[in-house]
Amino acid sequence: MINLELPKKLKASANQAHQVAAQIMRPISRKYDLAEHAYPKELDTMAAMVEGLNDSGAGASGAALGRGDAPSVIGNANGGNMSSLMNVIETCWGDVGLTLSIPYQGLGNSAIAAVATDEQLERFGKVWASMAITEPSFGSDSAAVTTTAVLDGDEYVLNGEKIFVTAGERSSHIVVWASVDKSKGRAAIKSFVVPRDAPGLSVARLEHKLGIKASDTAVLLLQDCRIPKDNLLGTPEVNVEKGFAGVMQTFDNTRPIVAGMAVGLGRAALEELRTVLSDAGVEVSYDTPAYNQHAAAAEFLQLEADWEASYLLSLRAAWMADNKKPNSLEASMSKAKAGRTGTAVSLKAVELAGTLGYSQRPLLEKWARDSKILDIFEGTQQIQQLIVARRILGKSSSELK
């Protein structure tokens, strides 16, 4: 028998996150969906609470991903990744866009945790870091980075343009992917921590989006942007044989978290849909075969089964990360399944709820819009399937494209 009951520590943290989602996020969800780019000041209180929990050791920030409660003895550990997963499921049950707007919880913090040295963790462990990878010339192919970083004395000089940077205007730091030597290909791609006030860094514009409107999505320009050479995360050496596995390790941490976002949103949509069905006189039974139930109830059971699979895959990927087990395959599996399921669940909920689902009275239509990005960023559905196929078949990126 597999015991999936949460340990007391994780359960307490998840309960706190749920209370924040229910009492702070849900009440203002529609407000900031309609007021795109407005900063949700209500989250400042939450940020102070999260920081206090982290200082006391009772919580896990994005910067703790992969570094928290690592096993020092043989056995299992539920550390930073699992804690962050549980928390993000709850907060995204409240609102995905607001979750992405929580100060000091940026995706760049996961990159810092994945490849930073101990000294860098000391410096950047409590910053609010967004992550800048995508450029106008590419989307899913992370190896196609054209932004450059040239060493000039004790500083790196960065030049390039980054697009679709989540929290790109609000964060205090940006983790930027750039090449230190284009002639050496993807192996020369490194990640750099760029402070918001670094000379040469500017915000070109903010994007207007389909969903997650509470979160700012920025276009950043790096024009002779200078940062200390010690802001390069990890080692500056270029290892052609290893490739850019170091920076790609970031995704092994962040993909299960994004999967958790879809799990949280999906659960919210399922709960709302069940209420709508119940109010319409349609009851869902777990004791009667689906084919003997109302068509809408049968649809609900199928959606819930897919949601459960997404949840379990996310748990496994996060658990493996905390226990220092290679989880690239599992991280992509969780992201692929949860991203697709979140979209399917929210869209079907809108459909089954009829005119109520399409209106702005409940949040169903908003969740349907918010869900789409969760199947796109941190690697699209197609990219995740490609990674899974390569891992299962034992093929390299050049052998299976």
_Let's go through E330 and R391 carefully: what are the C-alpha distance in whole Å and the side-chain angles of both, what is the deciding distance for salt bridge (charged side-chain N to carboxylate O under 4.0 Å, His left out) to 0.1 Å, and is it a yes or a no?_
CA-CA 10 Å; E330 290 76 11; R391 295 289 188 274; over 6 Å; no

*Show your reasoning for whether side chain to side chain contact (heavy atoms under 4.5 Å, CB included) applies to Q384 and R340.*
CA-CA 11 Å; Q384 304 308 327; R340 183 168 56 192; over 6 Å; no

*Intermediate values then yes/no, side chain to side chain contact (heavy atoms under 4.5 Å, CB included), L151 and V180*: CA-CA 8 Å; L151 186 61; V180 295; over 6 Å; no

*Test side chain to side chain contact (heavy atoms under 4.5 Å, CB included) on V193 and I227 and set out the steps.*
CA-CA 8 Å; V193 180; I227 60 171; over 6 Å; no

_Please evaluate residues E304 and Y286 with respect to the criterion side chain to side chain contact (heavy atoms under 4.5 Å, CB included), reporting the C-alpha separation (whole Å), side-chain torsions for both, the decisive distance (0.1 Å), and the verdict._
CA-CA 11 Å; E304 194 173 54; Y286 296 98; 2.5 Å; yes

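Scanning both residues, A309 and K337, for their nearest heavy atoms gives CB-CE, 3.8 Å. Nearest heavy-atom pair, K395 versus L400, reported as atom, atom and distance to 0.1 Å: CB-CB, 3.9 Å. Residue A298 comes nearest to A290 through the heavy atom pair CB-O, 3.6 Å, listed as atom of the first residue, atom of the second, then distance. Minimum interatomic distance between P103 and Y39 (heavy atoms only, all atoms of both residues): CG-OH, 3.5 Å. Across A338 and V263, no two heavy atoms sit closer than the pair CB-CG2, 4.3 Å. Nearest approach of E135 to E161, heavy atoms of both residues: CG-O, 3.3 Å.
Considering only heavy atoms from C-beta on, T148 stays 4.5 Å or farther from L158 through its side chain. Under the 4.5 Å side-chain criterion, counting only non-hydrogen atoms from C-beta, E272 is in contact with W367. Residues N81 and P256 have side chains not in contact (no heavy-atom distance under 4.5 Å, counting atoms from C-beta outward). Residues T146 and K182 are in side-chain contact: their nearest non-hydrogen atoms beyond the backbone lie under 4.5 Å apart. Proximity of V284 to L301: side-chain heavy atoms (C-beta onward) are separated by under 4.5 Å at one or more points. Under the 4.5 Å side-chain criterion, counting only non-hydrogen atoms from C-beta, L270 is in contact with L303. Inter-residue side-chain proximity for W307 and R267 is flagged as met; some heavy-atom pair is nearer than 4.5 Å. Between M86 and L315 the shortest side-chain heavy-atom distance falls below 4.5 Å.
S13 places no side-chain N or O within 3.5 Å of a backbone atom of K9 that could act as its donor or acceptor partner. Remark: the backbone N or O of T343 is paired with a side-chain donor or acceptor of S346 at under 3.5 angstrom. The backbone N or O of G168 sits less than 3.5 Å from a side-chain atom of R196, completing a donor-acceptor pair. Panel note: side chain R205, backbone V219; no donor-acceptor pair is recorded below 3.5 Å. Using modelled atom types, no side-chain atom of S83 and backbone atom of G79 make a donor-acceptor pair closer than 3.5 Å. Counting only distance, with no hydrogens or angles, the side chain of D33 and the backbone of S29 share no donor-acceptor pair below 3.5 Å. In this structure, the side chain of D370 does not engage the main chain of V96 through any donor-acceptor pair within 3.5 Å.
With 3.5 Å as the limit, one finds a donor-acceptor pair spanning the side chains of W93 and E271. Using modelled atom types, one finds no donor on one side chain facing an acceptor on the other under 3.5 Å when comparing N327 with R255. In this structure, a donor-acceptor pair under 3.5 Å is absent between the side chains of R316 and S334.
How far CD1 of I257 is from CD1 of I89: 8.5 Å, rounded to the nearest 0.5 Å. Rounding to the nearest 0.5 Å places OG of S130 at 9.0 Å from CG of N109. Rounded to the nearest 0.5 angstrom, I102 CD1 and D44 CG are separated by 11.5 Å. L265 contributes atom CG, which lies 10.0 Å from atom CG of L363 (distance to the nearest 0.5 angstrom). Atoms OG1 and CG, on T117 and L232 in that order, are 10.0 Å from each other to the nearest 0.5 Å. To the nearest 0.5 angstrom, C225 atom SG is 9.5 Å from E155 atom CD.
Salt-bridge annotation for R226 and D152: present, with a side-chain N of the basic residue lying under 4.0 Å from a carboxylate O of the acidic one. Using a 4.0 Å cut-off between charged nitrogen and carboxylate oxygen, E399 and R390 do not count as a salt-bridge pair. Looking at D230 and R123, no side-chain N of the basic residue comes within less than 4.0 Å of a carboxylate O on the acidic one, giving no salt bridge. A salt bridge is defined here as a Lys NZ or Arg NE, NH1 or NH2 lying under 4.0 Å from an Asp or Glu carboxylate O, and E351 with K348 meets this definition. Under the 4.0 Å criterion applied to side-chain N and carboxylate O atoms, K335 and E378 are not assigned as salt-bridge partners.
Taking the six-membered ring for Trp and the full ring otherwise, the centers of F251 and W177 sit less than 6.0 Å from each other. Taking the centre of each ring, F164 and F377 stay at or above the 6.0 Å mark.
Classified by interplanar angle (parallel below 30°, tilted 30° to 60°, perpendicular above 60°), the ring pair H37/H208 is tilted.
For the salt bridge (charged side-chain N to carboxylate O under 4.0 Å, His left out) criterion with D95, the lone passing option out of R26, K213, K366 is K366. Paired with D216 under the rule side-chain contact (heavy atoms from CB on, under 4.5 Å), one option of E36, K209, E207, E169 passes, and it is E169.
Counting non-hydrogen atoms of neighbouring residues, nucleotides and ligands closer than 6.0 angstrom, the CD atom of E122 reaches no more than 12 such neighbours. Under a cut-off of 6.0 angstrom, the local environment of CG in N292 is crowded, with over 12 non-hydrogen atoms contributed by other residues, nucleotides or ligands.
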